[in-house]
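Below is one structure, written out as structure tokens; the observations come after it.
Numbering of residues begins at 1 and proceeds along the displayed sequence. Keep in mind that what you see is a predicted model, and the values were worked out from it rather than measured.
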Amino acid sequence: MKEIKEAIWLSIKDNILSKVWFKVVLFFVVVIIGFVFYKAYFSPSINKGEIGNENTLIEYDSLASEFDKTSKTLDGIEVEVEKSTSNFDSRKMETVITEFFSMANMNNADLFISSMNPEQIDADFSSNLLKERLEKIDEAMSRLSRDGQLDKVEVVRSLWVLESNAVRVVLDIHYKDLSEPIRINLIVKMLEQYQFNASEGETIDLPYISSSVWDIIEMIEDK
């Protein structure tokens, strides 16, 4: 019996293990398994189900109305800057997605763009003129919310992406003027940010919408 096992092992070793193709396949299998474990451990998590509804919109509306507003003049145009301490957990992906759509629905430009990746803001609303940037932001909010018709937002599932600390989220967006929800997807990425009123150098990872607003609008309007 021992001789038979040794013979089988030698046959496998000579005919399979020594082959270049087997080593290549084994290498890719190990890489794929490693990638799966890495993404499972490091990918941001998000809960499925409803994350924003009419009650949530009311809460955000109440929050926005309590902001202390000051005015600044940039290039001769007066804009409002809002400051607040929110009770919503800004570390959760559900929060940034809800804020993104809720503030578009309420036409609150300051909080709307605060939910976006700063690099994406520059890419989506690039202009040398502040007035043109503000007009583009207003247009984006109007088209995202279908002129304030947003009803609720539901998370369908999340998908891995190659980019680290990011996840693609599939959403069902419900509008009051539509009988069926519109399914879209967007990328949310965790970015390291310095904490206000914290020890020097102390940082926290916060989620931001990292998909193009115009790509999201295209998905909505193509349905």
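- Of all non-hydrogen atoms in I121 and R133, the two that sit nearest each other are CG2-NH2, 4.2 Å.
- In this structure, CZ in F101 is found 15.0 Å from NZ in K152, a value given to the nearest 0.5 Å.
- The main-chain N or O of I187 is found under 3.5 Å from a side-chain atom of S211 such that the two form a donor-acceptor pair.
- Counting only heavy atoms from C-beta outward, the side chains of E135 and I137 never approach each other to under 4.5 Å.
- A distance of 10.0 Å separates OG of S115 from CG of N108, quoted to the nearest 0.5 Å.
- Under a 3.5 Å cut-off, the side chain of D124 and the backbone N or O of V213 do form a donor-acceptor pair.
- Heavy atoms only, all atoms of each residue included: I182 and M219 are closest at CG2-O, 4.2 Å.
- S142 contributes atom OG, which lies 10.0 Å from atom CG of N105 (distance to the nearest 0.5 angstrom).
- Between the side chain of S114 and the main chain of L111, a donor-acceptor pair closer than 3.5 Å is present.
- For the residue pair M103 and M141, the shortest heavy atom distance occurs at O-SD, 3.9 Å.
- By the rule that hydrophobic residues join a cluster once side-chain heavy atoms approach within less than 4.5 Å of another member, I97 and W214 end up as members of one cluster.
- For the pair M116/Y208, no side-chain contact is recorded, criterion being any heavy-atom separation below 4.5 Å from C-beta on.
- Using a distance-only test at 3.5 Å, with no hydrogens or angles considered, a donor-acceptor pair links the side chain of K136 to the main chain of S126.
- Counting heavy atoms from C-beta outward, I220 and R143 have side chains that stay 4.5 Å or more apart.
- For the pair L144/F112, a side-chain contact is recorded, criterion being any heavy-atom separation below 4.5 Å from C-beta on.
- Taken from CD1 in I217 to CG in D222, the straight-line distance is 11.5 Å, to the nearest 0.5 Å.
- Between D172 and R183, at least one side-chain N (NZ, or NE/NH1/NH2) sits under 4.0 Å from a carboxylate O, which counts as a salt bridge.
- Atom NZ of K92 sits about 15.0 Å away from atom CD of E99, to the nearest 0.5 Å.
- The CG atom of N117 lies 12.0 Å from the CG atom of L206; values are rounded to the nearest 0.5 Å.
- Hydrophobic clustering, with ILVMFWY side chains joined whenever heavy atoms are under 4.5 angstrom apart, keeps M190 apart from L159.
- Under the 4.5 Å side-chain criterion, counting only non-hydrogen atoms from C-beta, L191 is not in contact with D205.
- The side-chain heavy atoms of V153 and H174, taken from C-beta on, include no pair separated by under 4.5 Å.
- When all heavy atoms of A166 and V161 are compared, the closest pair comes out as O-CG2, 3.5 Å.
- The minimum heavy-atom distance between R146 and Q149, with the atom names listed, is O-CG, 3.0 Å.
- The shortest distance between side-chain heavy atoms of I209 and L186 falls below 4.5 Å.
- With I184 as the partner, the side chain to side chain contact (heavy atoms under 4.5 Å, CB included) test is satisfied by one option alone out of V170, V169, I173: I173.
- Here the side chains of V188 and V96 are in contact, with some heavy-atom distance below 4.5 Å.
- For the residue pair E192 and T203, the shortest heavy atom distance occurs at OE2-OG1, 3.2 Å.
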